[in-house]
Protein chains: 2
Amino acid sequence: MAVSQRDQYLRYRSLCESMKRAVDAVSSHIHRAGSACSEVSPSQFAALEALYSRGPLHQGELACAISRSSGNMTVIVDNLERRGLVTRCGVHGDRRVVQICLTEKGAHLIELLLPEHRSRLIDVFSGLDEADFARCDALLREIAARIGGSDAES
Amino acid sequence: MAVSQRDQYLRYRSLCESMKRAVDAVSSHIHRAGSACSEVSPSQFAALEALYSRGPLHQGELACAISRSSGNMTVIVDNLERRGLVTRCGVHGDRRVVQICLTEKGAHLIELLLPEHRSRLIDVFSGLDEADFARCDALLREIAARIGGSDAES
DNA sequence: ATCGAACAGTTCGACATCAAAATGCTACCG
DNA sequence: CGGTAGCATTTTGATGTCGAACTGTTCGAT
């Protein structure tokens, strides 16, 4: 009750700003022109990585894994396929689904990209207070969950 | 030294994920179809709000204020102008720059949108621990600053 | 068997976004 | 005055993104 609703709102705005800025900064740091990761778009990177760590996925699963719409996923896969990094394989027994598989070229590329991706991430985050870090992670998860949870009802 | 570099990397990945998810969730919550704010795109909303709170701005200042490229800003202003929400005014003495001004219609719209924007933000964030909140904000700022700072040198 | 609901992907239209090239001005220098 | 450097904006071309409409498939109910 010490704080007015208006002050609270302003602090919320501030956190929103900080979140956006941090996300943009990290993403642009990783995909900066000249870095190895700049060879693929963020979405493409996310897709390749998901396929690399989890193996072949249905296009829908992949879309879900990297939080993209199905329409968008079609385009992303189109572009990856055009460069020969993934293939669309039919699934025996259900002709509705397409399995997306990394090609050798795709696997090679993501293996090439991951070390730099990793070192850039370490650049950015290392040395920060671990406890703050964990609390921040938890808070952000709580925020996302809160919205996700209240989504269905509203 | 208790934690391996690999563990650290995984925690970094986790925070990145959480950040992205939280940002996406908040943004989609606010601009959800049906909400008043869904009448304009997030970029358009940001532009209108910046103009509303700071007064007329050069197109370049506006781009900077909402972290968009100049090319992108042109399109955003085009779309706002097309709907009669802003106008481009020449500046006396320097014909290179364009001043972007809210029209009455634009000011009216943003005034209509802000209350709902505000209440949706409060929905999302209220009740969270204030101390965590502040620490999280500080951490995110530190991350963005760290990248922004190291940007020039690299 | 076949109808219809549910599902997986694709297509389409609109907008967003960026980087790079082009345009149009200003300012400065000789 | 004329040239050049630099800035603000626009244009262009490629990609990303979504939501809605569409196509084809599966599967359950009748």
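Numbers restart at 1 for each chain; the letters A, B, ... are given by sequence-line order, proteins then strands.
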Spacing between B/His58 atom NE2 and D/dT10 atom C1', to the nearest angstrom: 17 Å
B/Ser43 versus B/Arg68, side-chain donor and acceptor atoms under 3.5 Å: yes
Nucleotide nearest A/Thr74 (side chain, heavy atoms from C-beta), chosen from D/dT9, C/dT11, C/dA8: C/dT11
Between C1' of C/dA19 and CZ of A/Arg32, the distance in whole Å: 15 Å
B/Ile100 CD1 - D/dT9 C1' separation (whole Å): 10 Å
Side chains of B/Gln59 and B/Thr74, donor plus acceptor under 3.5 Å: yes
Student check: side-chain heavy atoms of A/Asp137 and B/Tyr12 closer than 4.5 Å: no
Over 12 foreign heavy atoms within 6.0 Å of CZ, B/Arg88: yes
Value in whole Å for how far the P atom of C/dC15 lies from NE2 of B/His31: 16 Å
B/S/- contact track for nucleotides 13-25 of chain D, protein heavy atom under 4.0 Å: --SSBB-----BB
Euclidean distance, atom CD of residue A/Gln59 to atom P of C/dC7 [Å, nearest integer]: 17 Å
Same apolar cluster (I L V M F W Y, side chains within < 4.5 Å links), B/Tyr9/A/Phe125: yes
Check: B/Arg135 and B/Asp132 side chains under 4.5 Å, non-hydrogen atoms: yes
